[in-house]
Amino acid sequence: MSDTVSFGCACCSPRMLPAYRHDHDAWNDLLADVAQQEGPRGPAQAVIFHGGHIHPDPEHPEETVEAIGIAGGEVVASGRLHHVRKAMAKFDPLERPLKGDQTLLPGLVEPHAHTLTSALIADWVDLSPFDGQYLDTRYDIDAIETRLRAAVKAAKDAQPPQPWVLGFGVDPSLMAVWTDIDAKFLDRIAPDVKVFLLNASGHISYVNTPALKAAKLDQQFPAGVLTETQSAMMLGAMPPVTPDRLLAGLQKVFRQANERGITTVFEASVGLMNGPKEVTLLKALAATSAMTVRMGGALYGNNNDLMTWVNFYEPELASGGNALFTVRAMKLIADGSNQGLTGFQSRPYRCCDEHSVPGVGPWGLFNYDPVRKLADTMAMVAAAGWPILTHANGDEAITNVLAAYQLALSEVPALVPPGTPRASLPATPAWADKRHRIEHASLLHDDAIGLMARMAVSPSFLIGHVGYWGQAFRTTILGKKRTQLLDRCASALEAGLRISLHSDHFVTPLGPLRCMEQSIGRVMEATVKATEKGAPAGGSGKVLNPEECLTPQQALRAVTIDAAWQCHLDHQIGSLLPGKQADLVILADNPLQWSAPHAAGLRDIAVLETWVNGSRVFVAGQ
């Protein structure tokens, strides 16, 4: 059985998250009110799109069609316009001509995010180093102070005055000068308002003296820097999240996803806070018009709900296209985050003498000791038929996870020399159809990539590690040599693996186009020159390991069909072939023809419309 306590990314740290106790009846009453106000989900429209650039199949990105027709939530036909009109005649469709370089693509897939935890903090103060989807290269302690002072003033001016200021995303590793925060700093800004700030790593919080006193912790922890266990003592004093706040937060996350062309979000930790109640919660929400994305889910397996999942739940891999929320995998967390200094490394962190996490050594940590413990958990989960997603960031964590997969599943096909005839290659592993994954897979050595290929275990890359933290890894956290191992997308493809790109939202901003840009250009954004207004100057900046750059075509696959494949949804989405669900996005320009240096600005291509299951869920400007 898995450990009760574990470290992961910020989104997988239940001890750091605000309290939410799900009330099934209150939730259903709230959804009934929403249904009464907004009405039922809109009917799937029959539409013929034609003109512009239409790329229906990312597996053949060079191919375009004149037109594509959708009806009843599915793709009916694509090809020459007269053929599509003939096939669609019985549906009495609308016709939608695309103009100029407008581009229609399959809906973009976010294969690893945390919608529920993001919703819980949706109304907190954003203290992250991100300006929209860009890294704020001027981020420092002064920037945090400015935002906090504004939030404190707003709390005091509110009617009635608000007793708490809650903030998230504080990231000293991305400050111009790494500066620690404590109660003394916060007391100067907010002497009479309670303050709780969540570090971006998810393992530390910063609390001022009034908040410590409210939780009766001021004598024990006067410095106001709390680890996960200590932070859990704070949560009882903080205002709990109500169902209406959770729903508003979810709708905010869904809206932003739609604005950025996302039609499918894979929730990577269902049950993190409320166990099986979260499955019920999301199933009920999926039956209403409030859910404007398709969702798959991985059940959170690093707590005492693991046996409940194994004994009473089954993966819904064969569900129909109209089911907007399905449970499809099990999630295990092996280590923490590299930028949070908790990813498990084969060598100490370069900055371990200057910076550390309380209770964590210079190599980071591994949540299963011995590795056999993880293997036993994997074997139990796999025997129950579940695809497994295993979070692993550090290179030693990945080594251990691959060893655990090998112990849990069966013998791994032997390594064969280059040039071996295909007929002599080992057979595909028996478990290949489960599409087991390593989440983040941040630091990959050559032997790990080769072993993943032989084991049919694919990586999903948090590509923001390159764009946002690349320079910090090189200069402070890991050093130049180890940073070359970061997010080796091209090497994974060359080894025959299918890959995906994800945001781990709220760790980095939602945005598959941004993920494409960062995988194509691999620019370390802290090195990008800024204009006088602070905006990045397109095309500037140092590239991290250019051999790992993807082509636009490869990057598109990683946020469409291959991401859908990893999520066991490729039979429904990821391409717009006849019979698949009509999940699509219309862009103002064509990312496959983007020619700016390092793909700069690709993330800014405007999303004009987003459609899910044949219904339009977003229109720019509305």
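Positions are given from 1 along the sequence. Keep in mind that this is a model prediction, so the values were computed, not measured. Atom set for the values below is all heavy atoms of this structure, side chains included, hydrogens, waters and symmetry mates excluded.
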Quick one: do the [X] and [Y] side chains pair a donor with an acceptor below 3.5 Å?
X: Glu110; Y: Ser503; value: yes
X: Tyr300; Y: Asp305; value: no
X: Thr527; Y: Gln471; value: no

What is the distance from atom [atom1] of [X] to atom [atom2] of [Y], rounded to the nearest 0.5 Å?
X: Leu550; Y: Cys515; atom1: CG; atom2: SG; answer: 11.5 Å
X: Gln230; Y: Ile204; atom1: CD; atom2: CD1; answer: 10.0 Å
X: Leu212; Y: Leu217; atom1: CG; atom2: CG; answer: 6.0 Å

Q) Taking C-beta and beyond as the side chain, do Leu272 and Thr117 meet within less than 4.5 Å on heavy atoms? A)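 Yes. Closest side-chain heavy atoms under 4.5 Å.
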Q) Is there side-chain contact between Gln345 and Leu443, with at least one heavy-atom pair below 4.5 Å? A)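 In contact.
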Which heavy-atom pair separates [X] from [Y] by the least distance, and what is that distance?
X: Leu497; Y: Ala453; result: CD2-CA, 3.7 Å
X: Ala448; Y: Leu402; result: O-CD1, 3.8 Å
X: Trp469; Y: Phe130; result: CH2-CZ, 4.0 Å
X: Ile388; Y: Tyr405; result: O-OH, 3.3 Å
X: Thr560; Y: Gly574; result: CB-O, 3.6 Å
X: Pro172; Y: Thr179; result: CB-O, 3.9 Å

Q.
In terms of relative ring orientation, are His465 and His440 parallel, tilted or perpendicular, with 30° and 60° separating the classes?
A.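 Perpendicular.
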Q: Assign the ring pair Phe344 / Phe366 to parallel, tilted or perpendicular, where the plane angle (0 to 90°) is split at 30° and 60°.
A: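 The arrangement is tilted - the two ring planes meet at 30° to 60°.
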Q. Glu547: what forms a salt bridge (Lys or Arg N to Asp or Glu O under 4.0 Å) with it, not counting sequence neighbours?
A.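 Salt bridge (Lys or Arg N to Asp or Glu O under 4.0 Å) list for Glu547, sorted by chain: empty.
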(Q) The criterion is salt bridge (Lys or Arg N to Asp or Glu O under 4.0 Å); which residues satisfy it with Arg498, sequence neighbours excluded? (A)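 For Arg498, the residues satisfying salt bridge (Lys or Arg N to Asp or Glu O under 4.0 Å) (neighbours in sequence not counted) are Asp562.
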Q. Would a distance-only check, ignoring hydrogens and angles, find a side-chain to backbone donor-acceptor pair under 3.5 Å from Thr476 to Phe473?
A.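 Such a contact is absent between Thr476 side chain and Phe473 backbone.
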Q: Could you tell me whether the side chain of Thr551 and the main chain of Gln554 form a donor-acceptor pair under 3.5 Å?
A: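 Yes, Thr551 side chain to Gln554 backbone: donor-acceptor pair under 3.5 Å.
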Q | Geometric cation-pi criterion Arg437 and Phe266, 6.0 Å radius, 45° cone | A |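 Because its charged atom sits under 6.0 Å from the ring centre and within 45° of the axis, Arg437 does stack over Phe266.
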Q.
Could you walk me through whether Asp369 and Lys373 satisfy the salt bridge (Lys or Arg N to Asp or Glu O under 4.0 Å) test, starting with their C-alpha distance in whole Å, then the side-chain angles of each, then the deciding distance to 0.1 Å, before giving a yes or no?
A. CA-CA 6 Å; Asp369 183 22; Lys373 195 171 185 179; over 6 Å; no
Q) Taking the six-membered ring where the residue is Trp, are the ring centres of His505 and His112 under 6.0 Å apart? A)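 His505 vs His112: aromatic centres not under 6.0 Å.
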(Q) Please tell me whether Phe506 and His114 form a close aromatic pair, meaning their ring centres lie under 6.0 Å apart. (A)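 No, ring centres 6.0 Å or more apart.
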Q.
How about CH2 on Trp363, more than 12 heavy atoms from neighbouring residues, nucleotides or ligands closer than 6.0 Å, or not?
A.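 Atom CH2 in Trp363 is not packed in, count stays at 12 or less.
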Q. Looking at residues at least two apart in the chain, or sitting in another chain, which of them share a side chain to side chain contact (heavy atoms under 4.5 Å, CB included) with Gln133?
A.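 For Gln133 the side chain to side chain contact (heavy atoms under 4.5 Å, CB included) partners, ignoring immediate neighbours, are Arg260, Tyr468, Pro509, Arg514, Arg603.
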